[in-house]
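As a basis for the values below, the full set of heavy atoms in this structure was taken, side chains included, without hydrogen atoms, waters or symmetry mates. Every chain is numbered from 1, with letters handed out A, B, ... down the list of sequences.
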2 protein chains.
Amino acid sequence: MAPRAGREPLSRERVLGAAVAIADTEGLKALTMRRLAADLDVEAMSLYYHLPAKEALLDGVVETVLAEAITAAGQTSEDDWRKRLRGQFLAARQVMLRHPWAPALLTSRRNIPPIVYPYYDGIVATMVGAGFSYRLAHRAVHSFGSMTLGFVQEIFSPADTDDTSDEDLAAMAEVVPNLTAMMTEEMHAAGDPTLGWCDSQVEFEFTLDLLLDGLDRLRP
Amino acid sequence: MAPRAGREPLSRERVLGAAVAIADTEGLKALTMRRLAADLDVEAMSLYYHLPAKEALLDGVVETVLAEAITAAGQTSEDDWRKRLRGQFLAARQVMLRHPWAPALLTSRRNIPPIVYPYYDGIVATMVGAGFSYRLAHRAVHSFGSMTLGFVQEIFSPADTDDTSDEDLAAMAEVVPNLTAMMTEEMHAAGDPTLGWCDSQVEFEFTLDLLLDGLDRLRP
DNA sequence: ACCTGAACACCGTTCAAGT
DNA sequence: ACCTGAACACCGTTCAAGT
């Protein structure tokens with residue numbers, strides 16, 4: 001049978017693009033070789049001509065989203081080291097928000113793609129240019145952790161409280177009195193009750209500023 | 001056939017213990033239902049009497065290591081809020097170092113086991129007892145991120161440099177001059193060259209102190 | 001109550017073969 | 001050079017059946 005009209009030849013880039021699209025719309029679990037091939041109108045085995053194995057596919061997917069985030073971060077043009085790093089990390093964060101599955105995948109990989117090295121090089125350059133020692137810049141990069149790439153792993157993400165009844169609150173107050181008090185106070189203080197009581201954008205920026213402030217004070 | 005002498009009856013706890021042991025010794029990928037059953041001297045299907053599905057197994061495994069870390073953190077007896085939190089997080093870290101696969105699994109799970117709520121309640125209690133507002137305690141908990149449970153996701157973990165030749169260094173200096181300069185300077189400064197140039201214990205404590213210092217300054 | 005055997009659907013991957 | 005078909009080993013899981 002002749003190839004369908006309008007069907008473009010496969011390539012590593014096209015495969016990776018389709019893989020990211022599947023993860024974005026249906027999650028990482030939906031990304032199987034067979035499903036990916038079907039989306040590309042091809043048999044599963046054809047993928048192996050462009051990628052040696054699924055591990056290589058996942059490496060490529062990580063590389064793709066990191067390249068996107070790092071490119072976004074690179075748009076930032078600020079001279080002040082704090083504003084510059086802040087802008088970079090927040091720009092990367094906007095990209096990561098579109099790929100909510102990426103942080104978990106990223107942190108489960110052993111090998112980090114080479115694109116991140118020039119990116120980190122730039123961060124170090126910015127800090128050293130602002131008077132930091134290499135030693136302190138090194139520490140800083142580790143302290144920023146995954147913020148440099150626009151995300152933090154949220155462990156403590158308490159449930160939404162819109163549907164929390166008074167009886168539930170009373171039961172909670174028995175077991176976790178301080179969390180309950182914290183929650184109710186935050187809910188009252190919040191102007192818009194539909195927002196919930198955790199705002200990850202605000203929390204990201206708070207933590208980032210906490211680190212930047214602390215580092216600034218350590219600067220020689 | 002009669003059950004083998006000395007074979008204890010299965011239980012959820014025994015299954016979870018064996019699962020953690022497999023992950024510890026051979027990694028998370030080796031943890032399959034069939035392999036787990038074999039280690040317990042049982043057929044794979046027997047596991048389903050004690051756990052409804054593999055997802056439940058993974059939830060249980062997460063619960064098990066978190067309980068271990070939180071228990072270790074609970075041993076800390078310090079009155080000063082900073083020393084107390086510091087001791088807790090570092091104690092949890094000692095546990096996590098024994099389960100290097102745990103952070104990646106943990107961050108990939110949707111539902112966090114209930115044990116963490118009392119733990120976070122204690123952290124908030126410590127901070128509010130030291131004069132922090134609930135609002136600030138809330139922010140702090142998010143800033144600590146996964147440090148509360150003793151780990152940070154290392155994205156930037158540059159390769160070991162013991163086997164880096166002079167030619168390699170020259171090539172690196174072209175592409176990532178600042179990283180190369182940082183690395184060579186750190187290597188020279190290090191007393192013990194076998195240590196490499198990243199020390200995750202030192203980095204963990206540096207970041208932790210950076211956050212604690214910053215929070216202390218925000219305290220009313 | 002607790003465990004098993006056989007079977008099913010699905011996955012990543014091989015290999016030789018097609019065009 | 002690029003893609004395919006058939007087959008294999010392995011996985012999680014079901015269901016009816018054993019003791």
Side-chain angles (χ1 to χ4, degrees), chain A residues 1-23 25-64 101 104-105 108-111, chain B residues 1-23 25-64 101 104-105 108-111:
Chain A
M1 201 167 104
R4 288 218 336 243
R7 178 167 127 178
E8 323 212 340
L10 231 48
S11 70
R12 194 182 113 100
E13 287 66 40
R14 225 161 70 79
V15 171
L16 295 181
V20 169
I22 290 176
T25 54
E26 300 182 42
L28 206 57
K29 267 193 60 178
L31 178 57
T32 71
M33 299 299 273
R34 282 167 158 96
R35 165 65 199 277
L36 177 56
D39 274 23
L40 289 162
D41 244 321
V42 110
E43 295 303 314
M45 298 318 120
S46 308
L47 301 174
Y48 286 84
Y49 188 82
H50 302 275
L51 289 162
K54 185 166 189 191
E55 285 293 289
L57 172 70
L58 295 179
D59 283 339
V61 164
V62 165
E63 189 190 327
T64 303
W101 46 270
L105 176 64
S108 75
R109 305 263 86 204
R110 173 167 281 117
N111 292 338
Chain B
M1 199 167 104
R4 288 219 337 243
R7 179 166 125 179
E8 324 214 337
L10 231 49
S11 69
R12 195 182 112 98
E13 286 67 39
R14 225 160 70 80
V15 171
L16 294 181
V20 170
I22 290 176
T25 54
E26 300 182 42
L28 206 58
K29 267 194 61 179
L31 177 57
T32 71
M33 299 299 272
R34 283 168 157 96
R35 164 65 197 276
L36 177 55
D39 274 23
L40 290 163
D41 244 323
V42 112
E43 296 302 314
M45 299 316 121
S46 308
L47 300 174
Y48 286 83
Y49 187 83
H50 302 275
L51 289 162
K54 186 165 188 190
E55 286 292 289
L57 172 70
L58 294 179
D59 283 339
V61 164
V62 165
E63 190 189 327
T64 303
W101 45 270
L105 175 63
S108 74
R109 305 263 87 203
R110 173 167 281 114
N111 292 338

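- We find that CG of B:Leu31 is positioned 12 Å from C1' of D:dC11, with the value rounded to whole Å.
- Rounded to an integer number of Å, the gap from CG of A:Leu36 to C1' of C:dC11 is 14 Å.
- Rounded to an integer number of Å, the gap from B:Glu43 CD to D:dT13 C1' is 15 Å.
- Both A:Arg34 and A:His50 lie close to DNA chain D; mapped to their nearest nucleotides by heavy-atom distance, the more 5′-ward contact belongs to A:His50.
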Pairs under 3.5 Å (N/O, protein and nucleotides 15-19 of chain D):
none

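- Whole-Å rounding puts the A:Leu28 CG to C:dC11 C1' distance at 15 Å.
- Taking every side-chain heavy atom of A:Leu10 into account, D:dC3 is the closest of C:dG12, C:dC3, D:dC3.
- At least one side-chain heavy atom of B:Asp39 sits under 4.5 Å from a side-chain heavy atom of B:Arg35.
- Residue B:Tyr49 has a polar side-chain atom (N or O) positioned under 4.0 Å from OP1 or OP2 of C:dC2.
- Atom CG in B:Leu40 sits roughly 15 Å away from atom P in C:dC2 (whole-Å rounding).
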**Message:** Pairs counted only when both distances fall under 3.5 Å, Watson-Crick or G-U: show me the 5' to 3' dot-bracket for DNA chain D, [ ] for pseudoknotted crossings and | for other-strand partners.
**Reply:** ||.|||||...|||||.||

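- One distance of note links CG of B:Leu36 with CD1 of B:Ile22; it measures 5.0 Å at 0.5 Å rounding.
- To the nearest 0.5 Å, atoms OG1 (B:Thr64) and CG (B:Leu57) are separated by 9.0 Å.
- Applying the side-chain hydrogen bond (donor to acceptor under 3.5 Å, both in side chains) test to every pair with at least one member in residues 42-54 of chain A, sequence neighbours left out, gives no pairs at all.
- The closest donor-acceptor contact from the side chain of A:Arg12 to the backbone of A:Leu51 lies at 3.5 Å or more, if one exists at all.
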**Asked** Hey, mind stepping through B:Leu58 and B:Leu31 against side-chain contact (heavy atoms from CB on, under 4.5 Å) and telling me if it holds?
**Response** CA-CA 10 Å; B:Leu58 294 179; B:Leu31 177 57; 4.3 Å; yes

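- A:Thr32 comes within 4.0 angstrom of the backbone, heavy atoms only, and of no base.
- Nucleotide C:dC11 holds its P atom 10 Å from the CZ atom of A:Arg35, rounded to whole Å.
- Between the CG atom of B:Leu51 and the P atom of C:dC2 there is a distance of 13 Å, given to the nearest Å.
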**Prompt:** Does the pair A:Leu28 and A:Val61 meet the rule for a side-chain contact (heavy atoms from CB on, under 4.5 Å), with working shown?
**Reply:** CA-CA 11 Å; A:Leu28 206 57; A:Val61 164; 5.5 Å; no

**Prompt:** Between B:Leu40 and B:Leu47, is a side-chain contact (heavy atoms from CB on, under 4.5 Å) present by the stated rule, with each step listed?
**Reply:** CA-CA 10 Å; B:Leu40 290 163; B:Leu47 300 174; 4.0 Å; yes

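- Atoms CE (B:Met33) and P (C:dC3) sit 14 Å apart, rounded to a whole Å.
- A close approach under 4.0 Å does not occur between any side-chain nitrogen or oxygen of B:Ser46 and OP1 or OP2 of C:dC2.
- If you check every strand for non-hydrogen atoms under 4.0 Å, A:Ala44 touches nothing.
- How far CZ of A:Arg110 is from CD of A:Glu55: 9.5 Å, rounded to the nearest 0.5 Å.
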